[in-house]
Every structure is written in C-alpha cells, then in structure tokens.
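Worksheet: the structure to be examined is printed underneath.
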There are 2 protein chains.
Amino acid sequence: MKRKVTLKQIAKELDVSISTVSKSLRNSPEISEDTRQKVQAFAKLYNYKPNNIALSLKNKKTKTIGIIIPEIVHHFFATVISGIEQVANENGYNVIVCLSDESFDKEVINMEMLANGSTDGFIMSLSKETEQKKDFHHIQEVINQGMPVVMFDRVTNDVLCDKVIIDDQMAAYEAVDFLVSKGFKKIALVTTVDYVSVGKLRTDGYINALNDHDLPVDDEMIVKIEDIANCASKIEKLLKENKPDAIFAVNELFAVTSIKLATKMGIKVPEDLSIIGFTDGIISQFSTPSITTVSQNGIKMGGRAAKLLIERLEMEEVEEEENEQYRTELIETHLVLRESTSTL
Amino acid sequence: MKRKVTLKQIAKELDVSISTVSKSLRNSPEISEDTRQKVQAFAKLYNYKPNNIALSLKNKKTKTIGIIIPEIVHHFFATVISGIEQVANENGYNVIVCLSDESFDKEVINMEMLANGSTDGFIMSLSKETEQKKDFHHIQEVINQGMPVVMFDRVTNDVLCDKVIIDDQMAAYEAVDFLVSKGFKKIALVTTVDYVSVGKLRTDGYINALNDHDLPVDDEMIVKIEDIANCASKIEKLLKENKPDAIFAVNELFAVTSIKLATKMGIKVPEDLSIIGFTDGIISQFSTPSITTVSQNGIKMGGRAAKLLIERLEMEEVEEEENEQYRTELIETHLVLRESTSTL
DNA sequence: CTGAAAGCGCTTACAG
DNA sequence: CTGAAAGCGCTTACAG
C-alpha cells in the first residue's frame, strides 16, 4: 500500500522546501534548472499528482459541474448527460450527477448539497413537482451566490439564467402541420397534464396548427395523461369513441402505447391510423412499426449547455461579474419519418 | 449577490474566534449556552453551510463515489447508476460519473483524474477495450493507494476487489434449457466476440445447456458479432441458411434485430421462430412482439455495489486496513416470459 | 469558557 | 535561487 505522495513528503525527501518543490513542478523560472530537474525526476518516480481537493480549496473552483435531472433511466436525459460529459471532459471538467426523481424536495436537497462548494455551477432540468409548485427559490439562491446555472428542456421563465431548449411549440406545430398536409382530418393529441412545461408547449403547438388550418379543436380528441402507469384506458377510450385517423403524442411512451393499444383493437398502424411521437429514442427506433417522431438531439443539447456553463465560468474570472446577458439557445429539431405514418 | 458566508466572517461579525464559532455550530459542550445560541442564530440568519471542499481536505474523505462505465445511453448502465445513486444518497454520498466510451485510454485517464483526491472509491464496469487488452494496472494502482474499488457486470479475475455480478453462465444455461424443454431442437446463438466477458460466459452457458441435453453444438448456429452496426448480414445468413427454430441472443439489441430481420424475411415470431434475449430493458418491453428475456436487475446491482463500497469505506476507518476479505455478490436473475417465445 | 496554533495539500507574493 | 509566511475553509488538541 503506497499512499499517494504529497509535496511535503517530496520536500522532506529531497531536503528542500515545499515551495521549491511546488515551483519546480510548475516549471517556475525562479527555480534553477538543477533542482527543477531533480524534483521533477523524483516526482515522476513517485508518480506525484497534485491533490484535486487542495487545488479546489486554494483556487476556489472545483472544475466540476453539477447536473440535476429528474431521472436517468430515460433515454433523452441519458443522452443529455452524455453530451455534457463529453464537452466537460474536453475542458477539464468533471460531472457530478444527482437525481431529483421528479421530487421537489430531492431537487432542493441535492442542489443545496452541491452548492456548498462541490461544484462551480449547475446544469439542470426541472422536476415535475417543481414545475407544479412553481417554487424556484433554491435555484435563485444558488444564482445569487454567484454560481451560474444553465437550464435545459424543462425550464422556467421565472428564473433568469442561460437556457438550452428546443422550440417545443414549433416542433409540435410542424408535426401536426405535416399530418394535415397528408390529408388527415381527425388528429388526436396524447399529451401530459399542463404543468409539465414542455407538454403544455407541445399542446399549444398542436392547437395552433389546427387553428391555422381551420380544423376544429375538439376537447374529446385531446387526452391529458397524468400518470403514465395507467394511461391505457384513456387512450383506448379515445380510439374507440373518437376514431382519430392520426395521433400526435408528446413523447415516445405515449406513442408506442397508442400503437400497441390500436393494434390490439384491430386498428392498423399506419394503414388506419398514423402516429407521430416526440423524442427520437430507442423505443421509436425499435418499435414495430417504427415511429415517426420529432427528433430532439440530446447530445447536442447537453453539449451546448456545458459550453454555455463553462464559458460563463471562465468569463467570470476576467470581467466583473454582473454580465447579465443571459442567452437562450434553441436546438433545431426535425421530423424523422418512419413507418408509423402512412405516406398517402 | 451575497456570497456564501464563512466561519471567519461570522467570527469577525460576532467578535469571537473562529474556533468558538466552529465549536458552537457543532454543539460542542465546551461552549457556553449563551454564545452557542448567539452563534447559531447568526449562522442560521446568514444561512451558513460548511464548505464541502474544506471538510474533504480536513477529513481526508470526500463522501463521493466515482463511477466509471462504458456508456450511459444504455438502459442497463443507466439503471445501475440509478441504483448506486439511491444508496449513495441515503448514506450521504454523492456520485461523480465518468464515461469510458468503451475506450481503454479514457478509462485510465478518468480513473487517474478522480483518484487524485476527488473520490473515496470507485464503482466500475470495464470498457470493451480494457477487457480485450487485459491491462488493469490503473485499477490495481488505485487499489494499492488504498482506495476501494467495486466492479460490476464486466469484471475480471485479474483484480482482487469486491464484485457484483449475475451468474451469466447459469442464466444463459437456464434460458437455453427452457427452450429445449419446450421442444426446440435447432437453437441458435447470437452473441458477442469472446473478449467481452459477459458475452463469453453466456456463450458458455449456451454450449453447456446443449451438451447436457445431448444436442449438437454447431458452429454454424453460433453468430459472434463484433460491431453492432452491421450485424444484420450475419443474422440474415443464419436465418436463411440454418433455419433455427429458436434463437438465444445475449442482449436486447441482438434480440430485437433478429426479430425485425426474421419478420422482414417472412419468418413469424414466435410461430416459426422463438427468441429469448438478455436484459429486461425498454426494448424488450416495447418491441412487437415483446421479448422473453433474462432479467438483470440493474437497480439492485447498483444498490449492492454502492453498499459494498460504502461498507468498506466506513470499515476502513476503524479496523486496520488489510481486511482483504473481498466479496463477490451474485444478483439473481430470472426469465421474463413474453410474446417472443411460443408456448407449445 | 475562549482562543491561538497546527494541520489537511496546495500556491504565490514577498524576503533574503 | 530558495524558503518562510499567509491563505483557501475548516476542525480539534491544547493553553490559558
């Protein structure tokens, strides 16, 4: 068991001061070529690596990014982490991940815990409960303390900070517009309850698209699902009683569930019913039929979020802090055509 | 912008020493009731929270766990992280995630980076490249420095440490045994190349099961896939030339790909061909037909791994370090019956 | 009961 | 060219 070696030990071993060792290793010109080499050779031999914690304390920056998301067993969020991680790594940052499990309390606790010195900033997506409560004091507090926050996907206007989103409303609009252009008249919507910000926006997009095409917006054709576990009955009812010829679903799970239920009821997809989902994940790719969907590039979103955060982090060092030019970056989306929509 | 307050500032404000503040906040009996209350009130008012980094440096422990896995956009690994995170949180630990992207170099770099004081220990699953190279010096080094490591899923016998695995060989055996018991005679295997440890074990289980039932092991019926991207041709060839009546696939992707290809070729699943996969993920659940599979409880694996690591971490404090009783925990698996196997 | 000092591992302005 | 000192934010054994 050879514990990690410290400057102190090297200094003692070489009979010089700690300062000399430190400077030698950082190639300070103050130090003579001779001792520098001696120290460096010794350090190499003992595989000296500076202690991150000590550096963090000294420099008052940790070079780590805190990520707080609702869940990780979720293709889109995993994808975003992956994007963050990549950019973070390229810039010498590490990533510490906390899950809120869609709970407000967990989100607050995690945020406060990480804010006590563990990270330089945050990248986050709101939990459903937080969106419902509209209580963002924990985020505001962190920002007030001078730690930058970047929100993505599930964001709020009530907090001023950098944001990375897609244009949910427009993307939904385009999906529905596509269906209309293909001649569908009875387009249903399977969406979330309204407090889920992205769900609400996608719902708005659906409504706008119908309006713009002078199609009626029928409440019977809009199914709002609170709890994913028992969404089946509502969708079945929609299918049976309202006989839509197309469905726009605001996520993969709603889309695949609709397909499965329709198929079970003898409704053929896409012959009798076309379906468009949202998020181009594993399910959309491997479902049978595969699902036409609005792609949402999580890797890119994560990467951008990390870039924004790091830029702000590095900027702060130079300029005086109050550069309140918060940016909201839009990641483009597009429709991925697959088998679940008929090409009449 | 009100920056976080420190002991020093509180001390100054209250005109007492830093030690007194520190002790007051930790409810030391040394301090008079009076000053203790005064300090605590003030600290509360200013929302004082001790700085994690300073505590880490002082205590020589970070209360964070380093996780190094091949990828995160992967249902099983995401599931394991989720399990780790939960147990970690319950015990006051945070989790810092690094991805090796299946690359040996990235695995080494990440490990070394985190080992320089950022984490108290590691939970990891080997990258494919590492398994191929059989170079584990980075792991051994970390262990030699006194940091505990827990490996899961993709583990190696060449490193002594705690491990959490499933019995891959037995699980595969049981899956194939099930197929045999249902009367299938021409059971094919779609597996990985041999250097992937879990793939190899599952292959062994397949072979053993056939042997024990006096069924021939035919190399033509075994497809080893190196690169997931272009596995189609090999599976098509298998289907066309060898006409298996059942397939055991060592992961979800191979299973669903086999189903899709078979269906495209007019082979009906499960009527003409039964398929069993491995890992009960999103794909298995939402594929059509849904896939019979060997469940592999990632949440539980992650939870156990975290438990093992934390136990060792807390143990070290007391006993003298060389308690080299490394444990290997087996997580039970079972067959989840779904639509992809016919129930003759 | 309170506080000065040492120390965790490092860096850097300053003296010599 | 080298080293002592101060400091990052904290804790704790020790003096007073």
Side-chain angles (χ1 to χ4, degrees), chain A residues 3-40 42-43 46-64 113 115-120 145-147 317, chain B residues 3-40 42-43 46-64 113 115-120 145-147 317:
Chain A
R3 288 251 167 220
K4 292 203 83 70
V5 65
T6 66
L7 289 188
K8 199 176 178 179
Q9 289 164 41
I10 297 182
K12 193 171 170 193
E13 214 67 45
L14 258 39
D15 208 33
V16 293
S17 76
I18 295 177
S19 337
T20 302
V21 177
S22 175
K23 287 174 192 158
S24 300
L25 293 176
R26 325 198 96 243
N27 281 314
S28 157
E30 282 186 70
I31 303 295
S32 74
E33 187 59 26
D34 224 40
T35 51
R36 201 197 314 172
Q37 296 217 333
K38 191 178 59 177
V39 171
Q40 293 195 351
F42 191 89
Y46 280 83
N47 192 25
Y48 170 80
K49 295 275 165 50
N51 178 303
N52 294 153
I53 297 291
L55 287 178
S56 294
L57 186 60
K58 180 75 193 165
N59 300 333
K60 291 169 150 272
K61 57 174 115 138
T62 61
K63 285 281 192 174
T64 99
M113 171 171 268
N116 295 324
S118 300
T119 65
D120 295 340
Q145 286 169 4
M147 305 182 75
E317 294 168 23
Chain B
R3 287 253 167 218
K4 291 202 84 69
V5 66
T6 67
L7 288 189
K8 199 175 176 180
Q9 289 163 42
I10 297 183
K12 192 169 168 195
E13 214 66 45
L14 258 36
D15 208 31
V16 291
S17 76
I18 296 176
S19 337
T20 302
V21 177
S22 176
K23 287 174 192 159
S24 300
L25 292 176
R26 325 200 97 243
N27 281 314
S28 158
E30 281 186 73
I31 302 296
S32 74
E33 186 59 25
D34 224 43
T35 51
R36 201 197 315 174
Q37 296 218 332
K38 191 179 60 179
V39 171
Q40 293 196 351
F42 191 90
Y46 281 83
N47 193 24
Y48 171 80
K49 294 278 167 46
N51 179 304
N52 294 153
I53 295 291
L55 287 179
S56 294
L57 185 59
K58 181 76 193 162
N59 300 332
K60 290 171 152 270
K61 58 176 116 133
T62 61
K63 285 281 194 173
T64 99
M113 171 171 268
N116 295 324
S118 301
T119 65
D120 295 339
Q145 287 170 3
M147 304 181 76
E317 296 169 21

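Below, read A as the first sequence line, B as the second, and so on, with proteins coming before strands; counting in each chain starts at 1.
- Taking a pair as Watson-Crick or G-U with both hydrogen-bonding distances under 3.5 Å, the stems of three or more pairs touching DNA chain D are C:1-3 with D:14-16, C:5-12 with D:5-12, C:14-16 with D:1-3.
- We find that CD1 of B/Ile10 is positioned 12 Å from P of D/dG9, with the value rounded to whole Å.
- Straight-line distance from the CD1 atom of A/Ile53 to the P atom of D/dC10: 14 Å, rounded to whole Å.
- Of the side-chain N and O atoms in B/Lys8, none sit less than 4.0 angstrom from OP1 or OP2 of D/dG7.
- Computed from coordinates, the B/Asp15 CG to C/dC1 P distance equals 19 Å when rounded to whole Å.
- Comparing C/dA6 with D/dA4, their P atoms are spaced 15 Å from each other, to the whole Å.
- In terms of heavy-atom proximity, A/Phe42 sits nearest to A/Ile10 at CD2-CG2, 3.7 Å.
- In this structure, B/Ile31 atom CD1 and C/dC1 atom P are separated by 9 Å, rounded to whole Å.
- The NZ atom of A/Lys4 sits 12 Å away from the P atom of C/dG9 (whole-angstrom rounding).
- Of the two residues near DNA chain C, B/Ala54 and B/Glu33, the one whose nearest nucleotide lies more 5' is B/Glu33.
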Between the protein and nucleotides 11-15 of chain D, are there any N/O to N/O pairs under 3.5 Å, and if so, what are the atom names and distances?
| unit_1 | atom_1 | unit_2 | atom_2 | d |
| --- | --- | --- | --- | --- |
| D/dT11 | OP1 | B/Arg26 | NE | 2.9 |
| D/dT11 | OP2 | B/Ser22 | OG | 2.6 |
| D/dT11 | O2 | B/Lys58 | NZ | 3.2 |
| D/dA13 | N6 | B/Lys23 | NZ | 3.2 |

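- Nearest heavy-atom pair across A/Thr64 and A/Ser118 is OG1-O, 3.1 Å.
- Rounded to a whole Å, the CG atom of A/Asn51 is 18 Å from the P atom of D/dC10.
- Proximity of a side-chain donor or acceptor of B/Asn59 to a complementary backbone N or O of B/Lys61 within less than 3.5 Å is not detected.
- One can place CG of B/Asn52 at 21 Å from P of C/dC8, the figure rounded to the nearest angstrom.
- With a 4.5 Å cut-off on side-chain heavy atoms, A/Val21 and A/Leu14 do not count as touching.
- Residue B/Ser22 comes nearest to B/Leu7 through the heavy atom pair CB-CD1, 3.8 Å, listed as atom of the first residue, atom of the second, then distance.
- Here OG of A/Ser24 is found 7.0 Å from CD of A/Gln40. Values are rounded to the nearest 0.5 Å.
- Side-chain contact between A/Met147 and A/Asp120: absent, with no pair of heavy atoms (C-beta onward) separated by less than 4.5 Å.
- One can place NZ of B/Lys12 at 15 Å from P of C/dA4, the figure rounded to the nearest angstrom.
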Give the intermediate values and the outcome of side chain to side chain contact (heavy atoms under 4.5 Å, CB included) for residues A/Asn116 and B/Lys4. CA-CA 8 Å; A/Asn116 295 324; B/Lys4 291 202 84 69; 3.3 Å; yes
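- Nucleic acid contact for B/Thr35: sugar-phosphate only, since backbone atoms but no base atoms lie under 4.0 Å from a heavy atom of the residue.
- OP1 or OP2 of D/dG3 lies within a sub-4.0 Å distance of a side-chain N or O belonging to A/Ser17.
- B/Lys60 has a side-chain polar atom (N or O) that falls below the 4.0 Å cut-off from OP1 or OP2 of C/dG9.
- Not counting sequence neighbours, the partners of A/Glu30 by the salt bridge (Lys or Arg N to Asp or Glu O under 4.0 Å) test are A/Lys23.
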